Amino acid sequence: MNITKFQHDLVNWYEAEKRDLPWRRESDPYKIWVSEIMLQQTRVDTVIPYFNRFMEQFPTIDALASADEEAVMKAWEGLGYYSRVRNLQSAVKEVAQNYGGSVPADKDKFLSLKGVGPYTGGAVLSIAYGLPEPAVDGNVMRVVSRLLSIWDDIAKPSTRKIFEQAVGELMYEEDPSSFNQALMELGAIICTPTSPSCLLCPVQNHCQAFEEGVQRELPVKTKKKADKKVHIGAVVLSTNDGRILIEKRPESGLLANLWQFPNVEMPAETNPRHVLESFVEQEFGVKAAVSSNKVTDIKHVFSHLTWEIDVYTGVIEGDVEKERTQLVEKEKVESFAFSVSHQKIWNHVKGRKE
DNA sequence: AATCCGGGGCC
DNA sequence: GGCCCAGGATT
């Protein structure tokens, strides 16, 4: 391959065809950083409205560093992988304290921040500071596997280093920002997973896989094994004066720190109403009268497991005194950050009449 | 190296 | 249904 010609063909195409995205109108390293965190395992179209709202609420490092955690979670609600935003706020606080509020342009320093790995490190340092660091994500591994006909399994963690090496050798030192973004843009628009548009590709002449006619066989990626299923019973509990019981999930693990309605994994072959009433009394110390029939059922698919949630309603008497638990007015429920599955629960229940 | 961690949009 | 997505932390 003629590397110089490849670089120019790629970057010239990028400059002419790149999408107009909100973070591409910004040069503030903080905003580039936030966009890269949001874009982890998340499509551009999903991220755009979250990015715009986030920047209105938290326009600077100081704004995010000093923001209320609940407000930050609410801004991330529905975006998934919630540890991303907790790590981001933690890292931003560190930048505010230890680096005078400016994102460090040093690789070791930036990569030491929470939530910043090899991809995000390379992306921010190249895009915001013009450093010639590779930024290898799924797009780039797909594109480069085809360009250079690399048949290593991209599902294996060790394979990423092979691609970092390759991208380092292809790097366009005069404009690392455009080069890295061009590789990703090509993967997003032209060099797509199942049916790449090779006839429209600006670097078709440089592509080993196209020359060999094997572009649809690359990249090699082994499948992961099947996920688990969990049967859950959930209950929306009202007090006689119309308040709703919500609780905050644990600080770590699945959907950490998000709010939810009381729920428990359901054993097979038991009376669900009895199970839920016992659970509520144990967990919250109040007697509950739970509906005998479920209101609805919700199937919610995560990346690694599936919840099948049967939803009930119930009534409780008296107050609840428990950590991370609140009785809130109906009108206030939606001011808390819920996972999508529990948003679905509330949307089914809130319009009902008792 | 394997597993955990969300959610949505394709095909 | 399975697959993939501008991945990182934990074990």
Side-chain angles (χ1 to χ4, degrees), chain A residues 14 18-19 21-24 32-51 73 76-88 90-91 111-128 133-144 153-161 163-164 167 177 179-189 191-195 219 221-229 249-258 298-307 337-344:
Chain A
Y14 174 70
K18 64 182 176 186
R19 292 168 290 178
L21 304 175
W23 44 93
R24 287 188 178 154
I32 305 295
W33 180 12
V34 172
S35 75
E36 292 299 342
I37 299 296
M38 287 187 170
L39 286 162
Q40 289 171 6
Q41 298 292 289
T42 311
R43 292 172 191 281
V44 165
D45 289 341
T46 303
V47 167
I48 289 172
Y50 282 92
F51 178 81
M73 286 302 290
W76 207 269
E77 181 188 47
L79 198 50
Y81 287 132
Y82 298 93
S83 66
R84 289 185 292 176
V85 71
R86 195 160 63 155
N87 287 336
L88 175 62
S90 170
L111 279 164
S112 74
L113 297 171
K114 284 183 183 167
V116 178
Y119 165 74
T120 304
V124 173
L125 293 175
S126 64
I127 296 171
E133 297 289 339
V136 174
D137 68 342
N139 277 318
V140 170
M141 286 198 282
R142 182 174 61 255
V143 169
V144 175
D153 180 5
I154 68 168
K156 296 174 62 167
S158 58
T159 301
R160 195 196 70 249
K161 294 180 180 174
F163 286 93
E164 285 176 346
V167 171
S177 169
F179 177 78
N180 278 339
Q181 292 187 79
L183 281 179
M184 294 186 275
E185 192 82 347
L186 191 68
I189 296 176
C191 197
T192 52
T194 54
S195 58
K221 185 174 187 179
T222 55
K223 307 186 209 319
K224 59 167 192 168
K225 48 185 180 182
D227 59 337
K228 296 175 291 189
K229 285 190 172 142
R249 292 178 61 85
E251 296 180 351
S252 63
L254 183 64
L255 303 171
N257 283 337
L258 289 175
I298 291 167
K299 181 176 177 174
H300 192 79
V301 180
F302 295 95
S303 50
H304 59 300
L305 80 133
T306 299
W307 276 353
F338 287 83
S339 69
V340 168
S341 55
H342 283 254
Q343 292 177 51
K344 291 177 187 168

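This is a predicted model, so every value here is computed, not measured. Worth knowing before you read on, the calculation uses all heavy atoms, side chains too, and leaves out hydrogens, waters and symmetry mates. Numbered from 1 within each chain, the chains take letters A, B, ... in sequence-line order.
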Shortest side-chain distance from A/Ser158, nucleotide among C/dA6, C/dC4, B/dA1
B/dA1
Can you measure A/Asn139 atom CG to C/dG7 atom C1' for me and round it to whole angstrom units?
12 Å
A/Glu36 CD to C/dG8 P, straight-line distance once rounded to whole Å:
10 Å
Please check the phosphate of C/dC3 (OP1 and OP2 only) for any side-chain N or O of A/Lys223 closer than 4.0 Å.
yes
A/Phe338: which residues meet the ring-ring contact (aromatic ring centres under 6.0 Å, His included) condition with it, sequence neighbours left out?
A/Phe261
Could you check A/Leu39 against A/Val116 and say which one's nearest nucleotide on DNA chain C is further toward the 5' end?
A/Leu39
Flag, side chain of A/Thr46 to backbone of A/Thr42, donor-acceptor distance under 3.5 Å
no
When rounded to whole Å, the CD to C1' distance for the pair A/Glu164 and C/dG8 reads 13 Å
Of all residues at least two apart in sequence or in a different chain, which pass the salt bridge (charged side-chain N to carboxylate O under 4.0 Å, His left out) check with A/Lys229?
none
Write down the distance separating the P atoms in B/dC10 and C/dA6, rounded off to the nearest Å.
13 Å
Quick one: does A/Leu79's side chain get under 4.5 Å of A/Met38's, heavy atoms only?
yes
Distance in angstrom units between A/Ile189 CD1 and C/dA6 C1', rounded:
13 Å
How would you label the contact of A/Ile127 with the nucleic acid (heavy atoms, under 4.0 Å): base, sugar-phosphate, or nothing?
nothing
Work out how far the P atom of C/dT11 is from that of B/dG6, and round it to whole angstrom.
15 Å
Going 5' to 3' through nucleotides 6-11 of chain B, assign each nucleotide B (protein heavy atom under 4.0 Å from a base atom), S (under 4.0 Å only from sugar-phosphate atoms) or - (no protein heavy atom that close).
BBB---
Protein-nucleotide distance (A/Arg160, atom CZ; C/dG7, atom C1'), rounded to Å
9 Å
Between A/Trp76 and A/Tyr50, is the ring centroid distance below 6.0 Å?
no
With A/Arg160 via salt bridge (charged side-chain N to carboxylate O under 4.0 Å, His left out) - residues at least two apart
A/Glu164
Base, sugar-phosphate, or nothing: which does A/Arg142 touch, judged by heavy atoms less than 4.0 Å apart?
sugar-phosphate
Would you mind reading off the distance between A/Trp33 atom CH2 and C/dG8 atom P, rounded to a whole angstrom?
13 Å
Remember a base hit wins even if backbone is also touched, and classify A/Lys18 as base, sugar-phosphate or nothing at under 4.0 Å, heavy atoms.
nothing
Please tabulate, for side-chain N and O atoms in residues 114-121 of chain A, each donor-acceptor pair with protein atoms closer than 3.5 Å (sequence neighbours left out).
{"unit_1": "A/Tyr119", "atom_1": "OH", "unit_2": "A/Glu36", "atom_2": "OE1", "d": "2.6"}
{"unit_1": "A/Thr120", "atom_1": "OG1", "unit_2": "A/Gln40", "atom_2": "NE2", "d": "2.9"}

I need the NZ-C1' distance between A/Lys228 and B/dA2, as an integer number of Å.
13 Å
If the P atom of B/dT3 is compared with that of C/dC3, how far apart are they to the nearest Å?
16 Å
Who pairs with A/Arg24 by salt bridge (charged side-chain N to carboxylate O under 4.0 Å, His left out), at least two apart in sequence or on another chain?
A/Glu185
Mind checking if A/Arg19 touches a base, just sugar-phosphate, or nothing, with heavy atoms under 4.0 Å?
base
Output the rounded distance in Å from CG (A/Leu88) to C1' (C/dG8).
13 Å
Heavy atoms only, 4.0 Å cut-off, all strands: where does A/Lys156 land among base, sugar-phosphate and nothing?
nothing
